[in-house]
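Only a predicted model underlies this, so the values are computations on that prediction, with no experimental measurement involved. The figures here come from the full heavy-atom set of this structure, side chains too, leaving out hydrogens, waters and symmetry mates.
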Amino acid sequence: MADGWTPPAALEEFVRLDHDRAARRGYPEAVYCEGKTADQVRAIATAVGERETPTLFTRASAEHARAVLAELPDAHHAADARLLAWPPAPPEPSGGLVVVLAAGTSDLPVAREAQLTAAHLGRATELVVDVGVAGLHRVLARLELLRRARVVVVAAGMDGALPSVVAGLVSAPVVAVPTSVGYGAAFGGVAPLLSMLNSCSPGVAVVNIDNGYGAGHLAAQIAGPAPSS
């Protein structure tokens, strides 16, 4: 390597990349960076570049991002979402619109992860910020956009009530993402998770706490183009 970096032991000793995922499923490989060392992530990025495998690097710290960019300097880095994408440009959008809502500014990193994931899986996306239930007029002001969506992703912490409200206003399915935002009794996202699981509005699917990637992926699948006959 030009900077004198020495890769760790054989890649197969700590990871087996799914280079065939895009061909098999139509969606890029994803690498969850949290818990991996920077050297491991850099070795993965090297293999991604060599095989030209479309890949999302999620939960990437600043150190992880530097490791990826050392091998894939043109990768798109969204520091706010802790996500890198390679190739940097998302594919041409197809299918339906994915609208992503962030209940509050504190929920924005998770919402951005969902939006970018859906975009790099080939969907048109719109991001709507700071529309939590403390001011319902803010949601109602975006009804026209919400009702154009094939699927709506809602990232919310605190009481986690926004997905139920949105699901009662639109015909599209809602993907709810509880976030670890809130005071002590929110229990790091468990309170909004339980609220969302107990939604009285039908058509709400719930992913794990802070799982913007999972929400964006599910939304992209729901909003995919109709299969050709």
Side-chain angles (χ1 to χ4, degrees), residues 21-22 25 27-36 41 44-45 48 54-69 72 75-91 93 95 97-132 149-158 160 162-163 166 173-182 186 188-189 192-193 196 204-224:
R21 183 177 299 188
R25 298 200 59 206
Y27 303 112
E29 166 71 304
V31 175
Y32 181 80
C33 296
E34 201 166 82
K36 294 181 175 66
V41 171
I44 291 169
V48 163
T55 301
L56 297 177
F57 296 85
T58 69
R59 288 295 180 92
S61 66
E63 188 179 14
H64 290 136
R66 286 191 294 271
V68 172
L69 293 170
L72 303 169
H76 174 65
H77 179 209
D80 57 342
R82 299 171 64 190
L83 182 143
L84 295 97
W86 190 87
L97 174 66
V98 176
V99 174
V100 181
L101 305 185
T105 305
S106 298
D107 305 302
L108 190 53
V110 175
R112 280 276 291 151
E113 183 183 30
Q115 180 201 12
L116 289 168
T117 297
H120 281 276
L121 268 61
R123 303 294 166 257
T125 66
E126 292 278 352
L127 178 65
V128 179
V129 302
D130 200 18
V131 287
R150 180 81 62 81
V151 57
V152 180
V153 177
V154 181
M158 298 284 189
L162 186 60
V166 172
V174 171
V175 179
V177 195
T179 68
S180 53
V181 171
L193 170 65
M196 293 170 184
V204 177
V206 186
V207 299
N208 210 341
I209 298 167
D210 290 337
N211 189 7
Y213 168 77
H217 203 297
L218 177 58
Q221 290 183 266
I222 294 170

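Not a single salt bridge (Lys or Arg N to Asp or Glu O under 4.0 Å) links Arg123 to another residue, sequence neighbours left out. Applying the salt bridge (Lys or Arg N to Asp or Glu O under 4.0 Å) test to Arg59 and every residue at least two apart in sequence or in another chain returns Glu34.
Screening residues 99-122 for salt bridge (charged side-chain N to carboxylate O under 4.0 Å, His left out) gives Asp80-Arg112 as the qualifying pairs, with residues at least two apart or on separate chains.
Judged by distance alone, the side chain of His217 and the main-chain N or O of Gly214 form no donor-acceptor pair under 3.5 Å.
The two residues Leu162 and Gly132 make their nearest non-hydrogen contact at CD2-CA, 4.4 Å. Heavy atoms only, all atoms of each residue included: Ala30 and Tyr213 are closest at CB-OH, 3.4 Å. For the pair Val100 and Ala111, the tightest heavy-atom approach, listed with the atom from each and the gap, is CG1-O, 3.5 Å. Taking every heavy atom of both residues into account, Ala215 and Ala114 meet most closely at CB-CB, 4.4 Å.
Here the side chains of Thr105 and Val129 are not in contact, with every heavy-atom distance at 4.5 Å or above. Between Val98 and Val175 there is no side-chain heavy-atom pair separated by less than 4.5 Å. Lys36 is listed as a side-chain neighbour of Val31, based on a closest heavy-atom distance under 4.5 Å. In this structure, Leu84 and Leu69 have side chains that are in contact, with non-hydrogen atoms separated by less than 4.5 Å. In this structure the side chain of Ile44 reaches within 4.5 angstrom of the side chain of Phe57, judged on heavy atoms. A heavy-atom distance below 4.5 Å is not found between the side chains of Val204 and Val154.
Taken from OG in Ser106 to CE in Met158, the straight-line distance is 7.0 Å, to the nearest 0.5 Å. Expressed to the nearest 0.5 Å, how far CG of Leu83 lies from SG of Cys33 amounts to 8.5 Å.
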